[in-house]
Amino acid sequence: MRYEILYKTNLMSDKITSMDENTYNYVSIERKWQNKWFEANINVAQREKQKKFFLHFAYPGVSGYLHVGHMRGFTYCDVIARYKRMIGFDVLFPAGFHASGIPSVGFAKKVERQDEDTLRLLKQSGCPEKVIKRLTDPVEVVKYFSSVYVDKYWKRFGFLIDYTRQMNTISEGYKKFIQWQFHQLHEKKLLIQKPHFAPYCPNCGPVAVDKSETDVAQGGSAEILDFSVLKFTLNDGTILPAATLRPETIFGVTNMWVNPTVKYHTALVNNEIWICSKECIQKLSYQHDNVQPLQKTIEGKDLIGKTCIVPEINREVPILAGVFADPTVATGIVMSVPAHAPYDWIALVESKEPIEAIKIIDVKGFGNNPAKEACDHLGIKSQTETEKLNEATDMVYKKEFHTGILNEKCGQYAGIKISEIKDTVKNDLIQKSLATTMKEFSEPVICRCKEKVMIKQIPDQWFIKYSDAHLTQESKDYTASMNIYPQEYKEDLPKILDWFGDRAAIRRGSWLGTEFPYKKDWIIEPISDSTLYPAYYVLSSYVNQNKLTVTEMTDEFFDYVFLGIGIPKQPLWQTIQSDFNYWYPVDINLGGKEHKTVHFPVYIMNHVAIMPEQKRPQGIFVHWWVTQKGKEKISKSKGGAEPIVEAAVMYGVDAMRLYYLHIGSPFVDIEWDPDAVMKYKNRMATIWRLVKQLSILKDQQQKNLDNWLKSILQRRIQKILTAFETYDLRVSSNEIFFEIQKDLQWYLRRGGANKKVLESYIRTWILLMAPITPHLAEELWETQGEKQFVSNESYPVFNAKDISEKDEVGEYLLTKVIDDVNEIIKVTKMTPKKICIYTSPAWKQQLFRKALEHAAQKNLNPGQLIKETMDDPVMKPLGQQVSQFIAKIAAEVKTISENDCTRFMIPLDEKKHLTDAISYLSEVFHCPVEIYGADDANVYDPAKKIKFATPLRPALYIE
RNA sequence: GCAGGGGUAGCCAAGCAUGGUCUACGGCGACAGACUCAAGAUCUGUUCCUGAAGAGGUUCGGGGGUUCAAAUCCCUUCCCCUGCACCA
């Protein structure tokens with residue numbers, strides 16, 4: 001039997017491209033729907049469904065304009081919020097501003113001193129002159145940028161944030177809330193006082209030393225080192241303090257190094273006379289209570305040749321000249337341990353003094369003098385080779401720290417690993433007044449005011465006691481029951497909670513924040529005032545409506561609302577409490593990876609400490625960053641960040657939303673790539689055109705194909721829903737925007753045109769898109785004749801009735817045939833004039849399914865199956881063909897997945913299915929196609945290919 | 001110091017928990033073709049190597065191991081990156 005060859009018009013290329021003049025005007029469409037949403041207040045949280053979902057992102061600091069990188073996390077949050085709405089939750093998605101701390105003050109200062117970059121940025125970003133003038137006031141900075149974030153960023157991106165609950169951390173109500181929180185912490189004995197060391201500028205007061213270098217002009221990545229200062233004594237009892245990071249090496253000291261070119265100063269330190277560098281005295285005076293500089297100075301060279309006594313071991317050692325002893329580093333005086341410190345070894349060699357190194361650490365891989373060996377290894381000859389010396393020092397130090405053991409020369413510490421004994425030695429020496437400590441930056445840190453930043457002791461700093469054993473344990477236990485994404489972070493959290501130490505909770509200075517209730521003029525620092533804040537979103541709604549006044553926000557009020565303690569003073573308290581009980585706890589708190597070790601741990605611990613058990617956070621979602629090319633974090637200071645407002649116009653916000661979701665999983669850094677975003681923009685327009693175009697199709701039914709489309713859509717829905725439930729947003733977006741489109745294109749190319757099927761398919765597709773590209777979805781929804789918001793519709797659910805495994809296998813067969821033909825064409829490099837397809841005979845189909853049955857039961861035994869088959873009188877005449885066939889398919893069948901196994905077992909008329917697709921096949925290969933069944937009579941088979949036909953793998957002959 | 005993350009084809013990036021269905025999702029780029037006045041638009045195909053019939057071979061930082069079977073488990077080694085200390 002032969003079929004007429006049909007050449008069909010290609011719908012995809014022909015008709016659709018002819019609509020090009022009809023362009024997708026995303027900017028006006030976005031505006032249109034945003035206006036409608038916010039007019040209808042669909043973003044305002046309502047208590048209706050008795051099923052709630054509370055999510056929010058870690059509120060941003062208010063320090064200037066944001067860039068496209070920031071929108072990633074916000075977008076995740078909105079997509080999840082929209083998804084949850086559509087699957088039937090009352091969603092509370094509020095937002096606020098973290099206004100406390102330095103950032104807004106810093107910004108205001110820049111405006112005040114007329115910083116050029118800042119003013120230019122403001123003008124470029126469209127900030128009116130009048131407003132700029134006001135921005136010398138930090139509170140105005142907060143006000144201005146809050147409005148920018150809301151209007152220019154969040155609303156512009158279509159975020160259904162409940163803006164009626166907007167709040168910030170410097171409002172009077174919030175401060176009352178924080179004070180209540182600190183009263184709670186105090187009551188629970190979680191506020192403690194102890195000395196603290198912090199970066200401090202003599203001019204400006206406390207400063208932050210961090211990589212963004214907000215406060216400092218230089219040294220942002222400096223670390224604070226903890227030096228041990230060992231008290232060596234001269235003959236007259238004067239102290240020669242040597243600073244070291246390795247106090248345990250005191251047993252190996254052979255001499256001292258003093259810089260002969262330096263003039264040393266003296267000071268009275270706790271009634272001891274110390275000789276050290278001038279810089280050291282200044283530093284000490286910030287860190288110790290009783291430091292009085294004395295007039296007397298001593299030239300370094302005058303000290304050389306004297307001797308001093310090593311503390312603890314009371315050995316007399318000489319003082320030698322060492323030019324590498326830097327007066328700006330620690331005390332300026334160095335003890336020499338030539339066996340274990342490469343600097344000391346080389347200096348000793350250069351001094352030509354007849355001094356033997358004393359080895360006190362046994363370490364694998366080194367012999368009698370690790371320092372010497374490291375120097376020899378790197379070919380170091382002189383004290384001036386600092387780079388190599390640092391490398392040698394690092395090498396020796398690391399090796400000794402991790403694997404070294406103190407030897408018999410170390411008295412009571414002998415036989416113990418360095419990593420275990422280091423602190424013990426230090427503490428013992430301090431105990432005996434033979435040593436003290438001194439903090440020092442690893443590199444010079446210069447304040448913005450050009451002054452050198454010191455480290456200052458605050459003797460009675462208040463801390464939140466996160467080290468509390470009970471609190472830590474309870475928090476760790478609690479995290480096990482939380483929904484935390486990614487999974488890795490869930491595993492890290494207990495370790496982080498263990499590691500998280502006490503946090504200095506207050507500071508003095510002109511920063512914004514809440515006054516600390518137990519010490520006047522001290523402000524609670526910004527991390528500590530941002531731990532329970534989601535709870536405030538319940539109140540802020542009432543505060544903003546002026547229903548709840550600041551004076552009413554007493555401790556009793558908070559006790560009642562949050563803890564259920566006491567009685568309500570007025571009905572409003574009950575309303576608010578009921579709201580709190582409805583919405584709280586938070587289901588998802590979403591934040592960038594920078595919050596992993598700071599914000600999230602304290603967020604959990606404060607809830608565990610203060611809130612009732614059922615109000616503890618349910619989930620945390622951590623997302624990674626958008627980086628610039630080259631993996632650098634986008635930052636304003638480094639430049640190159642694309643402004644949000646411009647980007648929104650350039651690409652469209654739906655495209656950007658999809659870009660954030662699809663370019664990588666939430667748990668990797670992604671590079672901001674304008675070309676890539678452009679691709680997503682094109683995709684928005686393509687989908688828009690595609691959907692519009694479908695209406696002009698001529699209605700036509702193809703049962704198998706139509707059923708396949710319905711079936712595959714259900715498969716997609718299933719995958720999408722599963723992915724959404726675990727916030728695997730990349731998979732969801734991939735299915736919705738790529739796979740579904742691919743399916744549809746396949747359907748159309750195959751000649752599918754069933755109006756009813758397509759209509760319902762498109763409706764479902766639009767619904768699926770809605771959480772991710774809501775503007776596009778609304779616009780398309782409207783073209784479907786809908787009057788309501790798609791954002792308010794129910795999300796599609798999986799419908800098993802539409803699954804048609806038979807038709808899925810049919811399309812699988814078809815693609816298989818196409819793949820095989822393509823491969824043959826590729827290998828033979830021929831241009832086909834005719835393609836013959838031979839489906840396998842009935843007996844093979846029968847045997848194939850039997851083999852599948854056996855495989856499904858995991859007892860496929862080829863020999864057994866052959867025997868069984870031969871017992872069948874119908875099969876018997878086929879003889880050897882049977883055994884050959886079974887032997888061939890046995891291995892293949894075993895590797896078929898369980899799912900496919902069931903599907904393949906369903907009988908399929910391969911010939912009919914392929915025949916239905918014959919016009920498509922001939923169109924794809926540009927030649928006539930003939931389909932034969934192996935059981936047919938008079939089959940055209942010149943190359944004797946027919947015998948190769950197997951089920952789902954027809955034989956092929958190409959001319 | 002303490003704590004953590006990662007090395008996958010030209011690039012980005014899934015997969016690794018529960019080993020086989022992984023030549024390894026998807027995207028980008030590149031190449032070819034289609035449609036076009038044209039396009040950074042769209043559609044189709046190809047994109048590790050070999051192959052004139054639908055096949056075979058080699059890959060997931062390096063080395064070793066467990067296993068019938070490893071990107072996935074174990075050991076070892078090299079290399080990148082991040083967080084924290086009054087930034088948030």
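Chain letters run A, B, ... following the sequence lines, proteins first, then strands; residues in each count from 1.
Residues forming a side chain to side chain contact (heavy atoms under 4.5 Å, CB included) with A:Pro494 (at least two apart in sequence, or on another chain): A:Lys476, A:Thr479. In this structure, the side chain to side chain contact (heavy atoms under 4.5 Å, CB included) partners of A:Pro195, at least two apart in sequence or on a different chain, are A:Gln457. Not counting sequence neighbours, the partners of A:Thr514 by the side chain to side chain contact (heavy atoms under 4.5 Å, CB included) test are A:Lys175, A:Ile178, A:Gln179, A:Ile524. Taking the side chain to side chain donor-acceptor pair (under 3.5 Å) definition, one finds that A:Ser221 meets it with nothing, sequence neighbours left out. For the side chain to side chain donor-acceptor pair (under 3.5 Å) test, no residue two or more places apart in sequence or in another chain qualifies with A:Asn168. Remark: A:Glu248 engages no residue in a side chain to side chain donor-acceptor pair (under 3.5 Å) (not counting sequence neighbours). In this structure, the side chain to side chain donor-acceptor pair (under 3.5 Å) partners of A:Asn25, at least two apart in sequence or on a different chain, are A:Ser28.
Here the P atom of nucleotide B:rC81 and the CH2 atom of A:Trp624 are 18 Å apart, to the nearest Å. Atom NE2 of A:His623 is separated from atom P of B:rG5 by 19 Å (rounded to the nearest Å).
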If you restrict it to nitrogen or oxygen atoms, what contacts under 3.5 Å exist between nucleotides 55-60 of chain B and the protein, and what is each distance?
from   : atom 1 : to       : atom 2 : distance (Å)
B:rA55 : OP1    : A:Arg953 : NH2    : 3.3
B:rA55 : N7     : A:Glu823 : OE2    : 3.2

Please write out each protein N/O paired with an N/O of nucleotides 17-26 of chain B under 3.5 Å, distance rounded to 0.1 Å.
from   : atom 1 : to       : atom 2 : distance (Å)
B:rG26 : O2'    : A:His662 : NE2    : 3.4
B:rG26 : O2'    : A:Asn734 : OD1    : 2.8
B:rG26 : N3     : A:Arg730 : NH2    : 3.2

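The side chain of A:Arg507 places an N or O atom within less than 4.0 Å of a non-bridging phosphate oxygen (OP1 or OP2) of B:rA88. The side chain of A:Lys679 places an N or O atom within less than 4.0 Å of a non-bridging phosphate oxygen (OP1 or OP2) of B:rA41. Note on A:Gln741: a side-chain N or O is less than 4.0 Å away from OP1 or OP2 of B:rC43. Close to B:rG51, at under 4.0 Å from its OP1 or OP2, lies no side-chain N or O of A:Lys829. Using a 4.0 Å cut-off, no side-chain N or O of A:Lys593 falls inside it from OP1 or OP2 of B:rG6.
The stretch residues 492-501 of chain A comes close to RNA chain B through A:Asp492, A:Lys495, A:Trp499, each having a heavy atom under 4.0 Å from the strand. Heavy-atom distances under 4.0 Å link RNA chain B to A:His98, A:Ser100, A:Gly101, A:Ile102, A:Pro103 of residues 96-104 of chain A, given in residue order.
Contacts of A:Val209 with the nucleic acid, taken as non-hydrogen atoms under 4.0 Å apart, involve only primed sugar atoms and P, OP1 or OP2.
Here B:rA88 is the nucleotide among B:rA53, B:rA88, B:rG29 with the atom lying nearest to any side-chain atom of A:Ile527.
Between A:Glu525 and A:Arg503 a salt bridge is recorded (basic side-chain N to carboxylate O distance below 4.0 Å).
Annotation: salt bridge (Lys or Arg N to Asp or Glu O under 4.0 Å) contacts involving residues 813-833 of chain A, sequence neighbours excluded, comprise A:Asp820-A:Arg953.
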